[in-house]
Each structure stands twice: as structure tokens, then as C-alpha cells.
Amino acid sequence: MLARNPFGKALVDARRPLLGWTVAIVAVAAMYAAFWPTMQAPQMQEALAAYPEGLLEAFNYSDLTSAAGYLGSAVYGLLVPLLVTVFAIATGTRTVAGDEEAGTLDLVLAHPVGRVRLALHRFAALLVGLAVIAVLLWLAMLALSGPAEFDGVGAGDLAAVNLQLALLGTTFGALAYAVGAATGRRAVALGVSAGVAVLAYLANSVLPQVEGWQWGAELSPFHWYLGGQPLVHGVQAGGALLLLGTSAVLVILGTWAFSRRDVAV
């Protein structure tokens with residue numbers, strides 16, 4: 001199957017981890033989304049008002065007074081994008097560096113499949129995984145929209161935020177793929193990607209609270225993902241293009257590096 005279709009082989013190999021990640025992400029999102037009716041209670045709003053505004057904004061809890069604001073903060077602003085980022089990084093590090101670090105990449109390349117084709121097909125499998133998560137998450141939120149009273153949030157708004165969520169995952173998955181393809185070291189790819197993700201999150205959430213450092217958020221993929229409030233305004237073309245462009249550059253650089261270096265065996 002590898003010789004005929006490395007893309008299909010990658011999908012088959014990833015089916016169980018993808019199932020686990022999808023169930024976990026959808027479950028976390030549904031749990032937080034289901035709390036929205038409770039958040040509308042006057043006593044809950046009074047309790048939230050007692051928290052320092054900067055503290056709430058540091059956790060992307062910028063608006064908890066509307067359904068769109070609550071979903072954008074509690075669901076799509078913290079745990080869900082972090083889980084998607086972790087999934088993308090973990091999968092991206094395995095794309096090339098996983099086999100190479102295990103010493104099996106030479107056996108894989110012994111099949112009639114080139115390096116570039118193998119790497120790109122495996123990255124394409126990562127994109128399919130992100131698309132599956134985004135679609136199932138969209139369906140779950142759509143199913144909850146009536147019972148949980150997501151007033152003012154339509155199917156198009158949910159589709160927009162889930163599209164940009166998938167693009168966020170693509171960017172960090174591409175970073176992990178590029179570092180792993182260039183170095184052949186899974187630990188290096190994981191460390192660099194995780195470090196960049198943490199810095200990007202802090203740049204989007206903490207730096208805006210520091211006088212004179214508000215510009216830092218503009219450099220963060222998390223800002224490109226959610227800064228334009230896609231649940232309110234739909235797909236943000238600028239942020240989407242930045243995520244897509246960054247991902248494309250990383251994939252091109254990683255593939256080029258992998259095609260030119262000696263493979264560790």
C-alpha cells in the first residue's frame with residue numbers, strides 16, 4: 001500500500017490517534033459550550049465582573065456576555081485551539097522525523113516512492129486529520145446551538161471559526177513538519193514547535209496587557225486565527241491568508257531541506 005499510495009497508508013496508520021484526538025477535542029468543546037446557559041445567570045455575571053479585566057483577557061476571556069463572545073472565549077479561545085495545536089505538532093513531528101529517528105526511514109524509502117512525494121503525502125494526511133476535527137467540531141456545535149441557546153450564532157459563523165481553527169493547526173503542524181524534515185530529530189521538532197506555540201500564545205494574550213507591547217499580538221498565529229472575531233464577522237481573509245502563507249513557506253522549506261540532506265539510518 002505504501003508503494004501505491006503513501007497518502008492512504010498515512011491515513012490508515014493515523015486512524016486510531018485521530019479518533020482519540022477528535023473525541024477528546026469535541027468532548028471538551030461540547031462541555032464548555034453547554035455551560036453557556038449557566039453563564040447568563042446574574043450571579044455568574046457578577047462573579048465574573050469581580051475578576052480583573054486583564055486576567056480574563058490573558059486567558060482570551062474578552063467577552064462573556066453574548067453567545068458569540070462566550071464561544072469565542074471559553075470554547076475557541078483557550079483549550080480547543082491548544083488541543084488542536086498539540087495534535088498538529090505531535091502529528092507533524094512524526095511525518096518524517098518519526099521514522100528517521102526510529103531508524104526505519106531507509107526501509108520506507110526502499111519502496112518505489114520518492115522523498116518529496118512521501119513527505120508531502122504524509123503532510124496531506126495531517127491536513128485531512130485537521131479537516132475531520134474541524135468538521136466534526138462544527139457539527140457538534142451546530143447540534144448544541146439550539147439546546148444551549150447560541151442566539152445570534154449561525155452555521156456560517158461556526159463554519160468560519162472552525163475553518164480558521166484548522167488553519168491554525170495547519171501552521172503549527174507545518175512548523176513541526178519543517179523542523180523534523182530539516183533535522184531528522186523528533187525531539188528537536190517537538191521542542192521548537194512547542195516553544196514557538198507557547199510564545200505565540202503569550203504574545204497574543206499577555207503582551208497586549210503590557211504598555212507599549214500591544215504590537216506583539218499582530219505577529220502571533222493565535223491572533224491571525226481569532227483576532228478578527230470570526231464568530232461575529234465571518235472568515236477573516238487577512239488572518240487566513242497569513243496562516244496559509246506561513247504554512248506554505250514552512251512546508252516548502254522543510255521539503256527542500258529533506259530532499260537535499262543525508263538521511264540518518
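Sequence positions, counted from 1, serve as the residue numbers for this chain. Predicted, not measured: the structure shown is a model, and the values here were computed from it.
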I'd like to know if [Y] and [X] are part of one continuous hydrophobic network [Ile/Leu/Val/Met/Phe/Trp/Tyr, side-chain heavy atoms within less than 4.5 Å].
X	Y	answer
Ile25	Leu19	no
Ile252	Leu250	no
Met31	Leu71	yes
Val153	Leu139	yes
Val249	Leu167	no

From [atom1] ([X]) to [atom2] ([Y]), nearest 0.5 Å:
X	Y	atom1	atom2	answer
Asn204	Glu218	CG	CD	9.0 Å
Leu158	Leu144	CG	CG	10.0 Å
Gln229	Ser73	CD	OG	8.5 Å
Tyr225	Leu242	OH	CG	16.0 Å

Does Ala160 have any side-chain contact (heavy atoms from CB on, under 4.5 Å) partners at least two apart in sequence or in another chain, and if so, which? Pro230, Val235
Who clusters with Val232? Use side-chain heavy atoms, under 4.5 angstrom, across I, L, V, M, F, W and Y, and order the result by chain and number. none
Under 3.5 Å, side chain of [X] to main-chain N/O of [Y], donor-acceptor pair present?
X	Y	value
Arg117	Pro6	no
Tyr201	Val196	no
Ser193	Leu190	no
Arg122	Ala119	no
Gln164	Gln236	yes
Arg186	Gly98	no
Arg261	Ala182	yes
Thr91	Ala88	no

Identify every side-chain donor-acceptor pair in residues 123-138 under 3.5 Å, counting partners at least two apart or on other chains, and give the distances.
{"unit_1": "Trp138", "atom_1": "NE1", "unit_2": "Ala155", "atom_2": "O", "d": "3.0"}

Thr171 versus Ser247, side-chain donor and acceptor atoms under 3.5 Å: yes
Which atom of [X] lies closest to which atom of [Y], heavy atoms considered:
X	Y	value
Ala143	Pro147	O-CD, 3.3 Å
Ser220	Ala200	OG-O, 2.6 Å
Ala33	Met141	CB-SD, 3.8 Å

Heavy atoms, side chains only, cut-off 4.5 Å: are [X] and [Y] in contact?
X	Y	result
Phe258	Thr183	no
Asp157	Val161	no
Leu231	Tyr76	yes
Trp36	Val75	no
Thr85	Phe222	yes
Tyr70	Phe150	no
Thr255	Tyr177	yes
Leu243	Thr170	no

Parallel under 30°, tilted from 30 to 60°, perpendicular over 60°: which one fits the rings of Phe7 and His121? perpendicular
Criterion side chain to side chain contact (heavy atoms under 4.5 Å, CB included) against Val84, the qualifying member of Ile89, Leu165, Asn162: Leu165
Evaluate Leu83 against Trp21 for side-chain contact (heavy atoms from CB on, under 4.5 Å), listing each step before the verdict. CA-CA 8 Å; Leu83 287 173; Trp21 276 104; 4.2 Å; yes
List the steps and the verdict of side-chain contact (heavy atoms from CB on, under 4.5 Å) for Phe87 and Leu18. CA-CA 9 Å; Phe87 163 77; Leu18 176 59; 3.9 Å; yes
